[in-house]
Amino acid sequence: MKYSIFSLARAAMTGHRGWTRAWRDPAPKSRYDVIIIGGGGHGLATAYFLAREYGIRNVAVLEKGWIGSGNAGRNTTIIRSNYMLPGNVGFYELSMKLWERMEQDLNYNTMVSQRGIINLYHSDAQRDAFARRGNSMRINGIDAELLDAEQIRKELPFLNYSNPRFPIMGGLAQRRGGTARHDAVVWGYARAANDFGVDIIQNCEVTGFQRTNGRITGVETTRGPIAAGKVGMAVAGNTSRVASMAGLKLPIESHVLQAFVTEAIKPLIPGVVTFGAGHFYISQSDKGGLVFGGDLDGYNSYAQRGNMPVMEDVCEGGMAVMPMIGRVRMLRQWGGIMDMSMDGTPIIDRTPVDGLYLNAGWCYGGFKATPASGLVFAHLIARDEPHREAARFRLDRFRRGAMIDEKGQGAQPNLH
Amino acid sequence: MGDFSWTSQSPLQKALVPGVHGAGSVPGVELTEIRNILLVQVMARRGNAAAAARIAKKLFGIEPPSRPGAVFGKGVALVWSGPDQFLVFAPQGDGSLMERIADAFAGIASLSDQSDGRCLIRISGARAAQAMAKFLSLDLDDGVFPVGAAATTSLDHTAINIWREADAAGETPLYNLAVFTSFADSLYRVIADSSLEYGLRSS
Amino acid sequence: MSGYIESQPLGRTSAKDDAAGNTQATGGTQSHRLRAGGLIDRQAPLGFTFDGKAMTGYAGDTLASALVANGVKLVARSFKYHRPRGIMTAGSEEPSALVEMRTGARREPNTRATTQELYDGLVANSQNRWPSLRRDFMAVNSLLSPIFVAGFYYKTFMWPAKFWEKIYEPMIRRAAGLGKSAEQPDPDHYDKAWAHCDVLVVGAGPTGLSAALAAGRIGARVIVVEEDTQLGGRLLGDGGEIDGMQAGEWVRRAETELEALPNVRVMKRTSLFGVYDGGTYGALERVNDHVPVPGPHQVRQRLWRIIARRSVVAAGSIERPIVFPGNDRPGVMMASAVRTYVNRFAALPGRQVALFTNNDDGWRTVEAIRRAGGEVSVVVDSRGQVPVEYQSVVKASGLRVLSGCVSDVKGGVDGVRGVVVTGADGRRQEVAADCLAVSGGWNPNVGLSCFHRGRPAWRDDIAAFVPGDCPPGMRMVGAAEGTFALGECLRDGHAAGVSAAVDCGFAEDAGSAAEAGDEGYAISPLWQVQAKGKAFVDFQHDVTASDVTLAQREGYESVEHLKRYTTLGMATDQGKTSNINGLAIMAATTGRSIPETGTTIYRSPYSPVAIGAFAGHNRDENFHAWRLAPSHHWAAARGAVFVDVGLWKRAQWYPQPGETDWLQSVSREVTTVRNGVGFCDVSTLGKVDVRGADAGTFLDRVYINAFSSLAVGKARYGLMLREDGIVMDDGTTSRLAEDHYFMTTTTAKAGPVMQHLEFCRQVLWPELDVQLSSATDQWAQFSIAGPRTRELLQALCDPAEDLSNEGFPFMGAREVKLRGGIKARLFRISFSGEMAFEISVPARFGNAMAENLMIAGKPFGVVPYGTEALSVMRIEKGHVAGPELNGTTTADDLGLGKMMSKKKDFIGRIMAGREALAAPDRQVVVGIKPLDRHRRLRSGAHVVPKGEKPGPDTDHGYVTSVCFSPTLNQWLGLGLVTRGRERFGEIVRIYDPLRSEDYEAEICSPVFYDPEGVRQRG
Amino acid sequence: MRIACPFCGEREVGEFSYLGDASPKRPRYTVDDGSDPAALEEAFYDYVYLRDNVAGTMREYWYHGGGCRSWLIAERDTRTHEFKSVQAAPGAGASRAALPGE
């Protein structure tokens, strides 16, 4: 049923009894052309694009819990394409373009809101680094502005400009950056993929791979074996666990990243603001909660929860740059399992195992990548060659020394 | 050209304002900077931990601590600062002690003079432990951190050494904090701010 | 106050008090205040205002109890439909009665009136309404509610696309949100502290007190945290008898005993909000929220990290509502809350109270109301018969009892006027009432047991979830664990206290538990009354029963989907009163059982915590610790301009009278050094003493070049890589003795390098005899540079010191005597490219050294210079620094490839050989000269081949460092450029769209000045 | 989170920094020992980049930099954060390492 104000009004007359399931709840078939492991944003988007762009519709998405139960539902909903290095720049801009038409593509309001993102800088060195980044963006046709302290003051008057430590000198702005409603992205892709005939199968955990002379021919699941022509993994956070079932060892560690939301308050913070002298970034949801976060806890973890030192560190950053939020109360904290790669950049590639495709290593940048990740992964699976905008996200780049390291931290995942 | 004058400075020359500060008339916390100290880090060479301890015994008349703790001798304290490492703490004096230490440990232990690398802040007073609970994660309960206890820990994310001496007058506990010199101005601020609600006398 | 004696529990009141005139008009505005009883101090009246209206209450009141005493029903508006709402509970689970506390910079949104202590002069305002609480325009949403169902916004606002940011979203954002936060910096202070104990007891109700007494008596170190201002928990509201005495008397004695125990610490006004790893618990102490403004040197709140070996959680339980139409009207209140207001606060929520219950406990309300002189107009029990112990009461008093359900509530902004009861036989009748007390049974407070993602277990007999697997060391007891009989709670608490103490190594000898009756608690669950009208599940977020069924219909069946689609349980109360009802309805709709349906994940904080409390002292300028160089105060006195470099404050330049901008000052400093002499405090460089028999071998393995071959008394430039072959850091290391090297690192990498060296020493090569210690803070180190450096030093050093080229050649390093008798370390190294030395003296002489350098250098016109001049000179010399050592460059990229030893293993050697790191088309360090020499070059500008259109394929690199060189009278830069070393002389386009600049420059050797290095050897 | 330093006792996690998996061992070689360069590069690639990333008990490096500056090797369950054991690195302190390094 098409969603619109009219269908909504019609439904209201019958007490909304007319609405049907946003996506079916089918039993798994015995075989699919393509199986996507992982019913998060990336997996569902991949299925959607396989059906829409590449005409492959005999597709199943297998989710061990409820769709969106992983990082898709545990992030701070920020979208941006302010990347610097070849390989990243084009990819994240492709994603941004897909965000900009998502509601119309999906007929689902995912509340993509381009209220802008501003990265504050506090030293000449930081300004120069942002200038390099901003120019890379502009050279690639992406919007970017370098703002000085006065311009920042005009836009964000509530910041702490009298702090003698790390004074705010300016910021790098991307006006097209912003936020989107994370759950809605999952549900929107699920509904749209479903309409193309894709089977979305929840509570179906993959427990192993079926292989015939080396090639993957299907998966074992908690709901029985399912045969498949090709299998794609989009299970960020658990990549190593699933990959190990296929005997793969990867340049990835799982780390916990915490995020926080406050009680709902009237509009206070317009866009997304990141503090350049500490670990703190913040935005305000349409519901009114301040959504904020900071750095990784820093140790390998599958626990989906973090500890107090990072909560304190993040709030200290907040009170350094915007001390007017001091009396606003933190309502909830949660933790996501980040698939941290060894250079801070994702991996989208074939694997050494024939028929098994890998979409992983998103670090803390997975949400903003959701649409493009789905498109390029679908391309890879359908065409058996990397999409032009994902040509550098290769698995062997570490072996070759072709890392894509925006932060320059090297092979230490907890520093990316 | 004549000789130059080499007056020494304190890293707390600005931060520490002598006098009584904060709430109340009876200060609950006393802060004192101990100036002109000798502080030497003694690190045993590989396989020489025992030998280093013997030399320390000979030199100072006391066994250096083999686990976190502080041992007090005549005008000197040996404070555990890591596995097979300890700090020699004494008044600066005329420099001859440093030479004696260097000769005695030659080839047995490596020395690192930290007399200027650390600033020594002494905390005492009835409310000292309460104030310290704000900036140290250690359990300072008498049963856990008695006289003679020592630890290497962090203050405002900065490594420090702390050891407890015999109680001060009035049976109030007395702690020594050795903090990195460049951090002293900043960490003193933390310590003082934490003490203000109990009343603070600084000197 | 002797409140307990007066506020007696069930049926003990004297005829006098029973008079209908018990409530009094005296006590100012307090129309609903009882004449006697309650734990309030009638001698201490307090004035406060709500929405500008002046009222009075008493010490011991909460804002909520004071409002009840003042007969105020309407307190708030709901989030979505802006429905009028009143006070539902008497605790921290309150979903409805949220207010804006205080004003200006202290304005604090969404404060629960039920937990805010009353103080004289308290100012509170209602929120999320316009223009006023009674007439709220946004109530129009209520009319649109047929459309504003769960998730409606996912289905609309999509056309036209550009309207979202411009129209729809701003509209939604304005409507959403509850209170307004302050817009100025929080003027109050916060701090954080640590506490340690054997046994942490959470909650000081009968169970918690019993546990604390037991553990405390045995000698365990006990901390008791209680969110309330007084101990007692439900006893404060319900009274009862313990050890044959009034509950209040027992509590008072328990408190006295606990205070007398030196090993026990009782923390009131302290809420436990989180459970973390290793027995770490987070708690918030509201030190000064009960006064208008914290006193001098006082904090508003204090965040505690409590380290406990065991914890006994006696967090009690929360009475749950029943879902029926009109259940959100002001005046509909939980039955236990009604009893609390009457018994504890001597405030009567209504004069004509109706009771709706599905369990025995609700019946206790009848006596409380009657004793307070109120009328119980009807008791509606869904179970159809009167509990045995109340049958006599009913007979004696002719209490009207109906079996059935409340199917609607009449009333509006002024609160309840009556209730509609639908009998078991389907007959509907209306009964007058100005307050409806509801009891749907009790939900144990399992939250804390679930913060490690544990799942609670279902118990049919009490129709509630109880704790499942608890975090390590935690035990839940009493009502929190599903035990409701007082006597049993006391026994369980005692046993838990004992076993926790015994686990910590204490002997079992705590006497016996206090005794009390074991009245049972019978319930037959009723979740939802099927009737027409809006029946609320989540009161704050306006989630109704039909929203839950709609979610199910659309496939949002998982409880997490239900929560996220309808926002059930996402309000400021985190669903304390709504989650269980919501999933019970979902279970009924899907035909699954409640345990099958499961709960959502419980998330800390248990109750919301101010961000300021998490930051504590570390805000504003105290955000991070700062480090001061040894000559900092000297430099400050000379007016140096400082900059934050990491934690350090460093002097950037030293302006002199008449200089109008930084460039003038910096150029003067550079020119003076190049032509005369200057000095700079470089103490921020990391300094490491590397000692031991194998020190040389050790350095051979961490540096790409050899150090074991370095002669004693010599210094050498060293470069170290990360294991992945990328450059980590550089610096000069000197050999002061056979077994003693003195290493310097960059300022930025001092910490990481030290950690890396210790890793190599302790983990990789423990067989080597090496000892490391940081000497960064021990030494005040100054760079002295310029053609007249030697003359200055000769004036400063003992005449016996030979500083001639022969006596102290380039890259020499040794100890020297200074005039005035102190010793210094002297290194003949140069970053500026001039004849230069670095000199170190003990840090205590930092200021003195600066003074003396000025004196000794006076004849030669010496100047102090800052980091900017330092940077200008290193760029003129083409020395790489931070911007080039950016974590992605190799030794060869920096033009230092030849340094890599072929003869030895060293960190990073193998990985540095990977094809892409050795590729010919890498970006390497070059010099960049704008064709227009006065054209300002900017870092971050990109390099594009001349005549090419800027794009991904023509982006050949970027400018890393720039300066205006007064020496060469032009702007210069270093850059990383593709195949750069093959392109010297090529004219390229410097493209900087961010700053709308686009001009030409020449690529050249990075060494602009004295390429042969004659001057530094001179 | 609390870590029991074998030298200092139980301390706040904030005193420690984390390096990660302690299982990969740095390949030992001497220049021109005849080992195949490609194999050596492969071995270092494994050491630097590939991780088991187990969901379960993991051997990992922690550095007590905010305390006694000892490198530690801990066993910790990555699903529960529970520490099973914490030991000093072979070269912590001054004892002569019986075995070569990690």
Side-chain angles (χ1 to χ4, degrees), chain A residues 3 5 8 12 16 19 21-23 66 103-104 108-109 113-114 128 131-132 134-135 138-140 146 158 163-166 183-184 263-268 286-288 307-308 311-312 315-316 318-320 323-334 400-402 405 408-411, chain C residues 108-110 146-147 149 152 154-158 169 172-173 176-178 180-186 276-277 282 550 553-555 558 560-561 564 572 603 608-612 614-615 618-621 623 644 722 724 726 886-888 914-917 939-940 942 950 952 955 958 993-994:
Chain A
Y3 289 163
I5 184 65
L8 197 57
H16 297 277
W19 295 113
R21 301 185 67 96
W23 62 86
W66 40 278
E103 280 92 359
Q104 289 65 34
Y108 201 100
N109 188 352
S113 172
Q114 297 179 291
D128 296 346
R132 176 196 177 192
N135 279 326
R138 294 283 287 270
I139 286 172
N140 286 269
L146 197 64
F158 52 81
N163 190 347
R165 294 309 302 289
F166 311 107
D183 294 322
E263 296 178 343
I265 55 176
K266 291 296 178 191
L268 183 71
D286 285 344
K287 218 168 114 251
N307 277 288
M308 271 179 95
M311 301 169 66
E312 297 176 37
C315 293
E316 288 164 9
M319 290 300 283
M324 90 291 194
I325 62 174
R327 305 178 92 85
V328 181
R329 301 186 195 90
M330 180 195 295
L331 177 62
R332 281 194 308 279
Q333 66 171 126
W334 62 93
R400 288 183 292 113
D405 189 346
Q409 294 289 8
Chain C
E108 179 191 315
N110 311 338
I147 286 184
V149 291
F152 76 96
Y154 299 127
K155 299 190 173 94
T156 180
F157 300 128
M158 285 178 281
E169 189 184 39
I172 290 170
R173 288 175 78 84
L178 292 160
K180 288 198 263 354
S181 89
E183 278 142 21
Q184 302 89 40
D186 188 345
Y276 304 94
D277 290 309
L550 172 62
R553 197 173 303 132
E554 294 192 89
S558 143
E560 286 287 349
H561 283 157
R564 291 154 184 264
T572 64
R603 300 198 183 282
V609 179
I611 289 172
F614 277 110
N618 295 83
R619 58 178 283 190
D620 304 318
E621 71 271 26
F623 162 54
D644 295 286
R722 302 188 307 226
D724 68 354
I726 299 296
N886 63 8
T888 63
R914 285 176 291 171
E915 67 180 76
L917 292 183
S939 298
H942 282 236
D955 186 356
Y958 70 104
L994 273 186

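Letters A, B, ... are given to chains in the order of the sequence lines, protein chains preceding strands, and every chain is numbered from 1. Fair warning: this is a prediction, and the values are worked out from it, not measured in the lab.
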(message) Let me confirm one number: the CH2-CD distance from A:Trp19 to C:Glu554, rounded to the nearest 0.5 Å.
(response) 6.5 Å

(message) Need one label for A:Gln409: side chain, backbone, both or neither, based on atoms under 4.5 Å from any heavy atom in chain C.
(response) backbone

(request) Pick one of side chain, backbone, both or neither for C:Asn618, based on which atoms fall under 4.5 Å of a heavy atom in chain A. (result) both

(request) Could you pull out the closest heavy-atom pair between C:Ala615 and A:Cys315, with the gap in Å? (result) CB-O, 3.7 Å

(request) Please check if the side chain of A:Asp286 supplies one atom and the backbone of C:Glu169 the other of a donor-acceptor pair under 3.5 Å. (result) no

(request) Pick one of side chain, backbone, both or neither for C:Gln184, based on which atoms fall under 4.5 Å of a heavy atom in chain A. (result) backbone

(message) Any side-chain to backbone donor/acceptor pair from A:His16 onto C:Pro146? Under 3.5 Å, distance only.
(response) yes

(message) If I measure from the heavy atoms of chain A, does C:Leu917 come under 4.5 Å with its side chain, its backbone, both, or neither?
(response) both

(message) Please find the pair of heavy atoms, one from A:Arg400 and one from C:Arg914, that lie closest to each other, and give the distance.
(response) O-CB, 3.7 Å

(request) For residues A:Pro267 and C:Arg173, report the shortest heavy-atom separation together with the two atoms involved. (result) CG-O, 3.3 Å

(request) Could you point out which residue of A:Glu316, A:Met330, A:Met319 forms a side-chain contact (heavy atoms from CB on, under 4.5 Å) with C:Phe614? (result) A:Met330

(request) Assign the ring pair A:Phe166 / C:Phe623 to parallel, tilted or perpendicular, where the plane angle (0 to 90°) is split at 30° and 60°. (result) perpendicular

(request) Could you grab the distance from atom OG1 of C:Thr572 to atom CG of A:Leu331, nearest 0.5 Å is fine? (result) 7.0 Å

(message) Can you tell me which portion of A:Asn163 sits under 4.5 Å from chain C's heavy atoms? Options are side chain, backbone, both or neither.
(response) side chain

(request) Specify which of C:Ile726, C:Val149, C:Leu994, C:Asp186 makes the most heavy-atom pairs with chain A at under 4.5 Å. (result) C:Leu994

(request) Return the set of residues passing side chain to side chain contact (heavy atoms under 4.5 Å, CB included) with C:Ala176 (not counting sequence neighbours), or none when no residue passes. (result) C:Phe79

(request) Work out which heavy atom in C:Gly555 is nearest to a heavy atom in A:Trp23; give both atom names and the distance. (result) O-CZ2, 4.1 Å

(message) Quick check against the 3.5 Å criterion: does C:Asn110 have a side-chain atom that pairs as donor or acceptor with the backbone of A:Ile265?
(response) no

(request) Look up atom CG in A:Leu8 and atom NZ in C:Lys155, then write down how far apart they are to the nearest 0.5 Å. (result) 6.5 Å

(message) Within 45 degrees of the ring normal and closer than 6.0 Å to the centroid, is that where the cationic atom of A:Arg132 sits relative to C:Tyr958?
(response) yes

(message) How long is the straight-line distance from OG1 of C:Thr888 back to CG of A:Asp405, given to the nearest 0.5 Å?
(response) 7.0 Å

(request) Write down the atom of A:Ala402, the atom of C:Ala916, and the distance for their closest heavy-atom approach. (result) N-CB, 3.7 Å

(request) Could you tell me which of C:Glu560, C:Glu108, C:His942, C:Arg603 has the largest number of non-hydrogen atom pairs under 4.5 Å with chain A? (result) C:His942

(message) Testing the basics here: between A:Asn140 and C:Pro952, what is the closest heavy-atom pair and its distance to 0.1 Å?
(response) OD1-CG, 3.2 Å

(request) Mind ranking A:Gln104, A:Glu103, A:Met308 by heavy-atom pairs under 4.5 Å with chain C and telling me who comes out on top? (result) A:Met308

(message) Heavy-atom pairs under 4.5 Å with chain A - which of C:Ile611, C:Asn886, C:Leu178, C:Asp955 has more of them than the others?
(response) C:Ile611

(request) Below 4.5 Å from any heavy atom of chain C, which atoms of A:Asp183 appear? Answer side chain, backbone, both or neither. (result) side chain

(request) Report the C-alpha separation of A:Asn109 and C:Thr156 in whole Å, then their side-chain angles, then the decisive distance to 0.1 Å, and conclude whether the side chain to side chain contact (heavy atoms under 4.5 Å, CB included) test is met. (result) CA-CA 7 Å; A:Asn109 188 352; C:Thr156 180; over 6 Å; no

(request) For residues A:Arg329 and C:Val609, determine if any side-chain heavy atom of one lies less than 4.5 Å from a side-chain heavy atom of the other. (result) no

(message) Holding to side chain to side chain donor-acceptor pair (under 3.5 Å), I want the full list of residues that pass it with C:Arg722, two or more places apart in sequence or in another chain.
(response) C:Asp724

(message) Looking only at heavy atoms and a cut-off of under 4.5 Å, which of A:Ala411, A:Ala131, A:Gly288 has the most pairs with chain C?
(response) A:Ala131

(request) Could you tell me whether a side-chain N or O of A:Asn307 sits under 3.5 Å from a main-chain N or O of C:Asp277, the two making a donor and an acceptor? (result) yes

(message) Heavy-atom cut-off 4.5 Å, strictly under: side chain, backbone, both or neither for A:Leu268 against chain C?
(response) side chain

(message) I need the residue from A:Ile5, A:Ile139, A:Val328 with the largest number of non-hydrogen atom pairs under 4.5 Å to chain C.
(response) A:Ile139

